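Please read the structure below before turning to the comments.
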Amino acid sequence: MNPISRRNARPLAKHFDFKEAEPRLYQWWDKKGWFRPEAAPPDAEPFVISIPPPNVTGALHIGHALFCTLEDLMIRYERMRGKAALWLPGSDHAGIATQLQVEQLLREEGTSREEIGYEAFLARTWQWKEQYGGTIVNQLRRLGASCDWERERFTLDAGLSLAVQRAFITLYEQGLVYRGPRLVNWSPGLRTAVSDLEVEREEEDGLLYYFRYPVAGEPPLTVATTRPETILGDTAVAVHPEDARYAAYVGKTARVPRLNRAIPIIADASVDPDFGSGVLKITPAHDFNDYEVGQRHNLPFINVLNEDATMNEAAGPYAGLDRFECRRQLWQDMQAEGLAIREEAHRHAIPRSQRGGEIIEPLLSTQWFVRIQPLARKAIEAVRDGRIQIIPEQFEKVYFHWLEHIEDWCVSRQLWWGHRIPAWYGPGEQIHVGSEPPAGEGWVAETDVLDTWFSSGLWPFSTLGWPDQTADLARFYPTSVLETGYDILFFWVARMIMMGLWFTDEVPFHTVYLHGLVRDAQGRKFSKSLGNVIDPLVLVDRFGADPLRFTLVTAGTPGKDLNLDEARVESNWRFVNKLWQIANFIISACLRSGSPPMGLPAKARQDLSSRWLLSRLNALIANVQRLFDHHQYGEAGRQMYDFVWGEFADWYIEVSKQALYLGTAAEREATLQVLLHGLDQSLRLLHPYMPFVTEEIWQHLPNPGETLMLAPWPVAADSLSDVEAEHQFQQLMDIVRGIRELRREYEVPPGQRLNIQLAPGKQERLVLEHSHVFSRLCHVESVEIHPAGETPSTEAVSLVFGEITLYIRLTEMVDQEAERTRLQREIERLEKMAARAKSQLADERFVARAPQEVVQQQRDQLQNAREALPQLKEQMAKLR
RNA sequence: GGGCGAUUAGCUCAGUCGGUCAGAGCGCGCCCCUUACAAGGGUGAGGUCAUUGGUUCGAGUCCAAUAUCGCCCACCA
């Protein structure tokens, strides 16, 4: 091993200038190639995350910032652990979203996609993509994302397009793809089919229309509908088979209002006799339930809608009207004929497009479908048998439920932007599926494209070169963790698992980590209309990327929505500053007295506070490891925060000043070593959360490696754990706090230094040897042994900490009454504690069954109370 | 109609393996510009851990019911 060349500490600026440092560090890391897995030795174990590809259309929102932070955290952590970490970035062509945006653009220019035509539209969209598509990916850089940019992919790249074709053709050849007329969810505005998942149902106020269905030879039937225009497509009227009211009607003929078409009255068990009048109109071409009834009873399917949801010629006199206009018109006409009975307010679920929000119509149309059950079975198995673990676990249930009830996936979309389905239509209704048309004349290419999620489903392996057996595929597939929001568990995660297993025969990743949604400080969803949208980049501008990252990770728990409060980002910005000031203090000390040799002082040269600090640090490292193993990054971050601020800064640094300012050269060196070690380890732990400030500080420390990014991750060592030191230092801390409380209670002026007498006892050396702790932390002038036999002055108050009793003389006469109250309070507290411990210990079941430490703890408490109480009571007795 | 989650301080939330777990941040009160940091330090007030049962030596933590809120799935016209 080469000796690491010695580098001196370099002074820090007074404050961290994140605006200057962040881009500088990022470019440096990137240029050095450290984001690439090749930065690790060739035999390093890989750790791979495929980024959830954001829509090219998108701008970075807070949800992106969350996934970006979590994934970067995992990647940086594993990289520091020596793995070949690959975070593969990219973006999604997002068929519908992108097409909508470009169409909007065209509309603003007074034209449309139909007008400019297919080729021009595609060219336009590509141009648009080149222009704006890089935005979001560049924004990820500002958050510190350590992606391997040389492996960046786009779902419409040539390689990925090939993968899509291969996958589709394979499924077809395996008999898992079929094409045919089915009732699908239709988006009239986009004039395309959409999948079940892309339809959202919201309860809305609507109307229920009651009307009469004329029946030959019987009084008319009363029927209710929410969509009167579909009456025109009715091909039956149904009642429940056991509904006595209508038994006479079954088999008779009804006449469709206005059109006078004769339709049968049938009996079907799916009719709920208790809803409305108990009579159901059947529109097989425009309702999913009716569709099934229609199939069962062999009814005709009459489609009354055009692709844009205007009425077609089957609607007779209403042809050409918009669906809602038709609804009004028909109802009016029925009122005129006396067929309309009444309208009733009715709250019901309306299906709306996830994109754009228009009302979706069930429409009969010819589409491509994937028979998904065989794929789903494999996907269920993989989670069931633990090859894939979903975190948090509760989502496994949801996953199973969805996959167990999954229906065939409509994968064709009548869009222009996307992967064209590799199919060809030949003479005589022939269909050929393949990347090229068959030989011969007259073959026409399919114009439908595939659902965007089809290509997303291949993402973990298509990005690595599949179907080619590339070196990357061999090395980095299966990937490691798939991290994303729970809202796309079905859309994306389940489909990746299904397709990964199907095409590669391996799970695409072994862990699924699902995060929650980011909401505003009051827990509301972000929305433009509420005006509560938080732009992560604005927060980065104000506070830097580190505080935002730290906040996003520590503000919540896995799988739960988190409320983002700007105040929290600000307070974490203060934490960044705190870290900076800690570093500033330590580096200044190095500059003053020379940087110490690397490493820790020998145990014999470690003072109590150092042993305490190192033991606490070691406990932190062990805890963090356990938490990381369980993906509890939030709790781990919070513990780091508490350690750095609450223990390292508040206590160790304060105490270290004694050695630094007044100690011998050897003491100074030993203390500096511990300070540097504490800082160095803290920076390593925090680096995955706050990469910028930690790297910047680390670069100013003496003797660092080249980059913190690749510095080894801290490992806990039993040799650093020191229970005794923790216990003793804790006693000192208790005393300091006790004295501070006392100072406040008696309003001792801050400048006034206290003289303390210590009752002789077992712990007297501990207290005497650390008098500097009290002098630095609570303004104590002197500590001396209380002369035996002498009664403490009436100007003194006493403080009791277990077996340590202190008498503190205050200059002015102590208010005897106040002191009595204080002592009384303290006595009561201890007596209660003693009583509880005593009764616990008297319970032999407790002593027998509770762990040894817990029993011992109770014994210690009892012991403490027993030693302290007589002291306190003695003091009470002395009061007048 | 099913399923899931939540309920802890004024607000937003942590709480791992049942035993220093009654915590943090913000807000609020009081004191302090003490030679790393006022972007700071110190110290307080404030909670029957939703309710009720149960398991256990021991429950914020596990179980069951209830209440309230939220989410997901589902073809009630």
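Hydrogens, waters and symmetry mates play no part in the numbers below; they use all other heavy atoms, side chains included. Being a predicted model, the structure only gives us computed values, none of them experimental. Numbers restart at 1 for each chain; the letters A, B, ... are given by sequence-line order, proteins then strands.
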*How close or far is atom P of B/U56 from atom CZ of A/Arg845, stated in whole angstroms?*
10 Å

*Pairing residues for A/Asp561 by the side chain to side chain contact (heavy atoms under 4.5 Å, CB included) criterion, not counting sequence neighbours*: A/Tyr486, A/Leu517, A/Arg519

*Going 5' to 3' through nucleotides 69-77 of chain B, assign each nucleotide B (protein heavy atom under 4.0 Å from a base atom), S (under 4.0 Å only from sugar-phosphate atoms) or - (no protein heavy atom that close).*
----S-BBB

*Indicate for each nucleotide in nucleotides 23-36 of chain B, in 5' to 3' sequence, whether protein heavy atoms under 4.0 Å reach the base (B), only the sugar-phosphate (S), or nothing (-).*
--SS--BB-S-B-B

*For A/Phe846 and B/G58, give me the distance from atom CZ to atom P, rounded to whole Å.*
11 Å

_C1' atoms of B/G70 and B/C31, separation to the nearest Å_ = 44 Å

*B/U16 P sits how many Å from A/Leu620 CG, rounded?*
17 Å

*Given B/G3, is OP1 or OP2 found less than 4.0 Å from the side-chain N or O atoms of A/Lys397?*
no

_Rounded to whole Å, please give me the gap between CE in A/Met733 and C1' in B/U43._
15 Å

_Could you tell me how far apart A/Trp651 (CH2) and B/G42 (C1') are, to the nearest whole angstrom?_
10 Å

*asked:* When you compare the side chains of A/Trp331 and A/Glu343, does any donor N or O come within less than 3.5 Å of an acceptor on the partner?
replied: yes

*In whole angstrom, what separates A/Tyr633's OH from B/A14's P?*
18 Å

*asked:* Considering only residues two or more places apart or on different chains, which pairs with a residue in residues 733-752 of chain A satisfy salt bridge (charged side-chain N to carboxylate O under 4.0 Å, His left out)?
replied: A/Glu745-A/Arg825

*B/U48 to B/C21 separation - C1' atoms, rounded to the nearest Å*: 16 Å

*Under 6.0 Å between the ring centres of A/Phe628 and A/His630?*
no

_Should the side chain of A/Glu566 and the base of B/U12 be counted as holding a donor-acceptor pair, with the cut-off at 3.5 Å?_
no

*Mapping A/Gln394 and A/Asn577 onto RNA chain B by nearest heavy atom, which one lands closer to the 5' end?*
A/Gln394

*Assess the side chains of A/Asp268 and A/His240: does a donor N or O sit below 3.5 Å from an acceptor N or O?*
no

*Length of the line joining A/Ile739:CD1 and B/G41:P, which is rounded to integer Å*: 21 Å

*Within-4.5 Å side-chain heavy-atom neighbours: A/Asp546 and A/Phe16*: yes

*Indicate, with a heavy-atom threshold strictly under 4.0 Å, whether A/Glu741 touches base, sugar-phosphate, or nothing.*
sugar-phosphate

*What pairs with A/Arg776 under side chain to side chain contact (heavy atoms under 4.5 Å, CB included), at least two apart in sequence or on another chain?*
A/Lys657, A/Gln658, A/Tyr661, A/Leu662

_Sequence neighbours excluded, every pair satisfying salt bridge (charged side-chain N to carboxylate O under 4.0 Å, His left out) that has a member inside residues 566-583 of chain A_ = A/Arg542-A/Glu566, A/Glu570-A/Arg574

*Report which part of the nucleic acid A/Thr557 touches: base, sugar-phosphate, or nothing (heavy-atom distance under 4.0 Å, all strands).*
sugar-phosphate

Quiz: residues 851-864 of chain A side-chain donor-acceptor pairs under 3.5 angstrom, not counting sequence neighbours:
unit_1   : atom_1 : unit_2   : atom_2 : d
A/Gln856 : NE2    : A/Asp860 : OD1    : 3.0
A/Gln863 : NE2    : A/Glu867 : OE2    : 2.7

*For the residue pair A/His631 and A/Tyr633, confirm or rule out a side-chain donor-acceptor distance under 3.5 Å.*
yes

*Atom C1', compared across B/G27 and B/A9: separation rounded to whole Å*: 11 Å

*Can you tell me how far P in B/U51 sits from the matching atom in B/G10, rounded to whole Å?*
14 Å

*Taking the six-membered ring for Trp and the single ring otherwise, decide whether the centroids of A/Tyr291 and A/Phe301 are under 6.0 Å apart.*
yes

*Applying side chain to side chain donor-acceptor pair (under 3.5 Å), name anything that partners A/Tyr246, two or more places apart in sequence or on another chain.*
none

*Rounded distance in Å between the P positions of B/G46 and B/G40*: 26 Å

*Using the P atom on both, measure B/U35 against B/C30 and round to a whole Å.*
24 Å

*Partner residues of A/Asp541 under the side chain to side chain donor-acceptor pair (under 3.5 Å) criterion, sequence neighbours left out*: A/Arg142

*Taking only heavy atoms on the protein side, list every residue of residues 851-864 of chain A lying under 4.0 Å from any atom of RNA chain B, sorted numerically.*
A/Pro851, A/Val854, A/Gln857

*Using whole Å, report how far CZ of A/Arg638 lies from P of B/C21.*
15 Å

*asked:* Centre-to-centre under 6.0 Å for A/Tyr213 and A/Phe211, is that the case here?
replied: yes

*If a stem is a run of at least 3 consecutive Watson-Crick or G-U pairs, both distances under 3.5 Å, which stems include RNA chain B?*
B:1-7 with B:67-73, B:10-13 with B:23-26, B:28-32 with B:40-44, B:50-54 with B:62-66

*For B/G60 versus B/C17, give the span between their C1' atoms, rounded off to a whole number of Å.*
16 Å

*Who pairs with A/Ile621 by side chain to side chain contact (heavy atoms under 4.5 Å, CB included), at least two apart in sequence or on another chain?*
A/Leu617, A/Gln681, A/Leu685, A/Pro714, A/Ala716

*With P as the reference atom in both, quote the distance from B/U66 to B/G19 in angstrom, rounded to an integer.*
29 Å

